[in-house]
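As structure tokens, the structure follows; a few thoughts come after it.
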Protein chains: 2
Amino acid sequence: MTINDIAALTGVAASTVSRALSRPDRVNRVTRERIQAAARELNYVPNTQARALSSGRTETVALLVSDATNPFYFGLIRGAQQQLRAAGHALLLIDTEDSAELENHLLHKVRRSVDGVILAASRLPEQTLSVIAAELPVVTVNRNVARVRSVVIDSPDGVMQAVEHLVSLGHRAIAYVAGPPSSWANEARWRAMRTAMARHGLTAARVGPFGVSRSSGSVAADALLNTGATAGVTFNDLLAIGILRRLAERGVDVPGEISVVGCDDIFGADFCSPPLTTLTAPIEQAGRVAVSMLLDHLEHLGETASRQTVLLPTHLTIRQSSGPAPRR
Amino acid sequence: MTINDIAALTGVAASTVSRALSRPDRVNRVTRERIQAAARELNYVPNTQARALSSGRTETVALLVSDATNPFYFGLIRGAQQQLRAAGHALLLIDTEDSAELENHLLHKVRRSVDGVILAASRLPEQTLSVIAAELPVVTVNRNVARVRSVVIDSPDGVMQAVEHLVSLGHRAIAYVAGPPSSWANEARWRAMRTAMARHGLTAARVGPFGVSRSSGSVAADALLNTGATAGVTFNDLLAIGILRRLAERGVDVPGEISVVGCDDIFGADFCSPPLTTLTAPIEQAGRVAVSMLLDHLEHLGETASRQTVLLPTHLTIRQSSGPAPRR
DNA sequence: AACCGGGTGGCAACCGATTGCCATTAATTG
DNA sequence: CAATTAATGGCAATCGGTTGCCACCCGGTT
């Protein structure tokens, strides 16, 4: 079922069929309707590759995640998927396995087969990112790079809220449990933490870096206890949940002996034990916004973007993993 | 950077470049190496659309899931992604939003732009599925249809194990908490449950259907209690976790007053409260196997498949949501 | 010397759209 | 009524590869 079949059937040229379908106002109403009817009749679906080849538009967007099993991305994927479908675009999912080289390689490979890419938690150096952004529409998530559009979840602000929360509960020794050093968000959160602590004349301890998996949580929990801190703010929920688990294993009471605050509010944060106090991030919304920005950018290529960065607010969700500081 | 640039640079025809790159034995060694060197030099990446257009192969596989936020699919996506990357193929992720119409529509739409599709939890009627499978390589997951290759997780066998487990703990009144009626796995599990119960001269109660989200768990929990059963086996973990939550809210002790057994062992099943006794399914493996079957099928189109269905074993993982039946 | 066959590489058609350009026709206007 | 303009639709080139077919070269046979 090609455009030619329809052309033959309706007695017009293929080019007319093409126009009738993609630039309806370029063809006479009756002709157009005849063609559209035939297309519907024959259940015609344009060939994506052919269209892409001549027009240069693939109507496909790639979403690069560092690890498809990290629940943080589920929401992002979902949000992106929703918004893309609404625009009739397809989603190419790419797992970079947390490797900058692989990320770069795959980006190069798909470069010509997508209209743009969304980089969630890119591990690429700023320099490389700029180069890529120059030759391919890019939107990053949680990563701020000059001249690259981005959606940033304002977890630094959330971290401050978390510190206020903990300090108000009497905590004085609070540690940051760090994630991957290559993560931009990780450093941003750490900075926010130090700032917030300084405001109260306190200094934050820091342990890590740790991998972002629950198993890394065991190591992290032990390290956290060693700092003598009465509370820990973790890079993300996955790590926090792993920590809770290890603490339970060691018989350490949460929040009685130590409070734990996570980040992101992923699936599971509300039903782990104890339910996790965490920074709730509008993850799904971030996915939607990232797609919107990208599509918007695609429509106005060449124009200077009105806004390069969208900052999404977070808020602290208090559950049962945080409580008053223990008396010494 | 096209094949023509390379041709010009090396002084051969474009066709020769094409062969040197995709059918290396069709061209002389020295010519080939010269071309390959030039291609590497210029960082040449073949244009996927153009290749697809003339060869018919897109090197892309679509994975259709009914709901991208269901953690069950995370593992599946991951497994599929891994195996696809290994083969150098791309993954198109499609969310059918649990709608058969949408599923059908999207399948039609991508039909020409992928080499094959993997249907995870298809909601399509058997008839439709057969039609689609005839015009497009298809592998289903957890769905058995004549003449369609499939990967099936043997949860019916697992359900039997679960029943044995519960019966041995003294439970006599056990209910099945059903999922979506359009789910093939749902019916399979229910049948297995009845069979297993009958073996002990017992009859299973059934409640539902319920949606597969945690919020449906509240309704399901209440319905479950109403049956007077001392144990419930649920369609999946999501539902089970929702039930646990509601039971905690109502102050019902698990497993003291009622035991709950889930299905799939998704992310979260091990750290919810209490940790969930569940059927551990090799989800990631299912994703890998599905891809392998599909790619294998693609390579031998026309040949009759040696094996049409792969059955993956499950096992019961006993945690703390199941225990001895309460004395009445 | 005539013949044969395998190894190489070029030519050109093709995959299925899109799109710039032009010809035709109809409508508008002075 | 001639002339200008707008609307419409066809022609053909193009996107970047793939592939069937054929020509050529060369060494080996008979």
Side-chain angles (χ1 to χ4, degrees), chain A residues 1-39 42-60 88-90 108-115 298 301, chain B residues 1-36 38-39 42-60 88 90 108-115 298 301:
Chain A
M1 212 37 43
T2 79
I3 213 174
N4 297 295
D5 298 321
I6 300 184
L9 192 72
T10 53
V12 299
S15 50
T16 306
V17 176
S18 173
R19 290 195 194 96
L21 266 25
S22 47
R23 268 209 224 348
D25 48 324
R26 256 309 308 271
V27 32
N28 184 282
R29 199 177 59 93
V30 316
T31 320
R32 179 197 335 141
E33 283 172 359
R34 194 153 47 91
I35 293 175
Q36 289 175 339
L42 274 63
N43 203 356
Y44 167 76
V45 178
N47 181 313
T48 323
Q49 345 292 338
R51 189 203 289 269
L53 189 54
S54 50
S55 72
R57 284 170 273 106
T58 62
E59 311 229 303
T60 299
H89 287 221
H108 249 89
K109 196 172 162 194
V110 300
R111 175 180 58 164
R112 303 253 74 96
S113 20
V114 299
D115 290 345
L298 290 177
L301 279 181
Chain B
M1 211 37 41
T2 80
I3 213 175
N4 296 297
D5 298 320
I6 299 184
L9 194 72
T10 54
V12 298
S15 50
T16 305
V17 176
S18 172
R19 289 196 195 95
L21 265 25
S22 48
R23 270 212 221 344
D25 48 326
R26 256 310 308 273
V27 32
N28 185 282
R29 199 177 58 93
V30 316
T31 319
R32 181 200 331 146
E33 284 173 357
R34 194 154 46 92
I35 294 174
Q36 289 176 339
L42 276 63
N43 202 358
Y44 167 75
V45 178
N47 180 314
T48 322
Q49 346 293 339
R51 191 203 286 272
L53 188 54
S54 50
S55 72
R57 283 170 273 107
T58 62
E59 312 227 304
T60 299
H108 250 89
K109 194 171 163 194
V110 300
R111 172 178 64 164
R112 303 253 73 97
S113 22
V114 299
D115 290 345
L298 291 177
L301 280 182

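In what follows, every chain begins at residue 1, and chains take the letters A, B, ... in the order their sequences are listed. Remember, it's a predicted structure, so these values are computed and weren't measured experimentally.
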Kindly give the heavy-atom pair with the smallest separation between [X] and [Y], and that separation in Å.
X     : Y     : result
A/Y44 : A/T2  : CE1-C, 3.8 Å
A/A7  : A/A13 : CB-C, 3.9 Å
B/A38 : B/I6  : CB-CG2, 4.2 Å

query = Between A/T16 and A/V12, is there a donor-acceptor pair closer than 3.5 Å when you use the side chain of the first and the backbone of the second?
reply = no

Starting at [atom1] of [X] and ending at [atom2] of [N], how long is that distance when rounded to a whole Å?
X      : N      : atom1 : atom2 : answer
A/L53  : D/dG17 : CG    : P     : 9 Å
A/D25  : C/dT19 : CG    : P     : 13 Å
A/R112 : D/dG17 : CZ    : C1'   : 14 Å
A/L21  : D/dG9  : CG    : C1'   : 15 Å
A/N47  : C/dG16 : CG    : C1'   : 6 Å
B/Q49  : D/dG17 : CD    : P     : 10 Å
A/I35  : C/dT18 : CD1   : P     : 12 Å
A/N4   : C/dA17 : CG    : P     : 7 Å

Among C/dG16, C/dG10, D/dG9, the one nearest B/A13 by side-chain distance =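 Closest nucleotide to the B/A13 side chain: C/dG10.
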
key: Out of C/dG10, D/dG17, C/dG9, whichever nucleotide has its closest atom nearest the side chain of B/S54   = D/dG17

Touch check for [X], heavy atoms < 4.0 angstrom, all strands: base, sugar-phosphate only, or nothing?
X     : value
A/T2  : sugar-phosphate
B/T31 : sugar-phosphate
B/R23 : sugar-phosphate

State whether the distance check finds a donor on one side and an acceptor on the other, under 3.5 Å, for side chain [X] versus base [N].
X     : N      : result
B/R26 : C/dG7  : no
A/R51 : C/dG16 : no
B/R19 : D/dG20 : yes

Is [X] close enough to [N] that one of its side-chain N or O atoms is under 4.0 Å from OP1 or OP2 there?
X     : N      : result
B/S18 : D/dG17 : no
A/T16 : D/dT8  : no
B/S15 : C/dG9  : no
B/R57 : D/dT19 : yes
A/Y44 : C/dG16 : no
B/N28 : C/dT8  : yes

task = For A/M1 and for B/V17, locate the closest nucleotide of DNA chain C by heavy-atom distance; then report the residue assigned to the nucleotide nearer the 5' terminus.
result =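 The answer here is B/V17.
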
key: Test item: B/Q49 and A/T58 side chains (from C-beta on) under 4.5 Å apart, heavy atoms   = yes

ask   = Between A/V45 and A/M1, is any pair of side-chain heavy atoms under 4.5 Å apart?
value =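 No - every pair of side-chain heavy atoms lies 4.5 Å or more apart.
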
ask   = When rounded to the nearest 0.5 angstrom, what is the spacing between CZ in A/R111 and CG in B/N43?
value = 6.0 Å

note = Between the CD atom in A/Q36 and the CZ atom in A/R29, the distance rounded to the nearest 0.5 Å is 11.0 Å

ask   = Taking five pairs at each end, how big is the angle between the two axes of the helix from C/dA1-D/dT30 to C/dG30-D/dC1, to 10°?
value =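 Result, rounded to 10 degrees: 50°.
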
